[in-house]
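In listed order, ligands and their atoms are each counted from 1.
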Amino acid sequence: MGKTAVYPGSFDPITNGHIDIINRGLRIFDKIIIAIGNNPAKAALFTVEERKEMIRGLIGDSDRLQVAEYSGLLVDFVAEVKAHAILRGLRAMSDFEYEFQLALMNRRLDRKIETVFLMTGSKWFYCNSRIIKEAASFGGSVRGMVPDDVLQRLKEKFPLLRDNNNRKRQQG
Ligand code: ADP
C-alpha cells in the first residue's frame, strides 16, 4: 500500500515555496493530497474554488497529486482520506514554534498520524503568501515567487501590480 501525505495550508495563493515542498515531498510519499483549509474566520484574497483551480492548473492530471478542501479537524480529514502523514514546510524560527505546537496537538488528537517537516529551499526562505499579497497590493513585483498563472491572477486582483508592470514594459 502506498504512503499518502496530506499537505494542508491556506495556499492563498500557492507559491513557489509550496511547490518546492510538494516536489520534494513526492520523493518521500507515493501520493500527496494538497488540502486547502476552509476557514471562514480567516479573510482570504482568493476563494477556495479559485485556489483549487490555480493548484489544479499546476498539477494537471497526476495520480500522485490531488487537491482537496477540508474544514474542521485536520486529523479527521487525514483519517478520512486514509493518509499516514501530514506534510509541512518550515521556514524561519517564527514558523517553528507554531508548527511545533500544531504537530504536538495533532499527535495528541491522533497518535497514528505523523507530521513530517521539510526545511524550505534557501531560495524560498522569504516566500510567504501573506507578504507576497502585501507587496503585490502595492504594485511590488512578485515575479519568480509564484507560478506565472498565479501572477496573472494577482494582477487581476491588484490593478497597481498590473499598472507597474505595464509601466516597466514601456520603459524597458
Ligand atoms: P503561508 O504561510 O505562506 O501563508 P500556508 O499557510 O498555505 O502558507 O502554508 C502551508 C504550509 O506550507 C506550512 O507548513 C508552511 O510553513 C509551508 N510553507 C509556506 N511557504 C513555504 C516556503 N516558502 N517554504 C517552505 N514551506 C513553506
From CA spacing to verdict: salt bridge (Lys or Arg N to Asp or Glu O under 4.0 Å), Lys133, Asp12: CA-CA 9 Å; Lys133 283 182 283 191; Asp12 184 39; 2.8 Å; yes
Taking the side chain as C-beta and beyond, is there a heavy-atom pair between Thr4 and Asp30 under 4.5 Å? no
Using a 3.5 Å cut-off on N/O to N/O, what pairs does ligand 1 make with the protein? A line per pair would be great.
residue  : atom   : partner : partner atom : Å
ligand 1 : 2 (O)  : Arg91   : NH2          : 2.8
ligand 1 : 3 (O)  : Arg91   : NH1          : 3.3
ligand 1 : 3 (O)  : Ser129  : N            : 3.0
ligand 1 : 3 (O)  : Ser129  : OG           : 3.4
ligand 1 : 6 (O)  : Ser10   : OG           : 3.2
ligand 1 : 7 (O)  : Ser10   : N            : 2.9
ligand 1 : 7 (O)  : Phe11   : N            : 2.9
ligand 1 : 7 (O)  : His18   : NE2          : 3.2
ligand 1 : 8 (O)  : His18   : NE2          : 3.1
ligand 1 : 12 (O) : Tyr7    : OH           : 2.7
ligand 1 : 14 (O) : Arg88   : NE           : 3.1
ligand 1 : 14 (O) : Gly89   : N            : 3.1
ligand 1 : 14 (O) : Gly89   : O            : 3.3
ligand 1 : 14 (O) : Glu99   : OE2          : 3.3
ligand 1 : 16 (O) : Gly89   : O            : 2.6
ligand 1 : 20 (N) : Arg91   : NH1          : 3.1
ligand 1 : 23 (N) : Trp124  : O            : 2.8
ligand 1 : 23 (N) : Cys127  : O            : 2.9
ligand 1 : 24 (N) : Thr120  : OG1          : 2.8

Counting neighbours of CD on Glu97 that are heavy atoms of other residues, nucleotides or ligands and sit closer than 6.0 Å, is the number greater than 12? no
With heavy-atom distances below 4.5 Å as the criterion, would you say the side chains of Lys157 and Glu50 are in contact? yes
Does this structure show an ion pair linking Asp149 with Arg153, if we count only N-O contacts that are shorter than 4.0 Å? no
When rounded to the nearest 0.5 angstrom, what distance separates CG in Leu90 from CD1 in Ile21? 8.0 Å
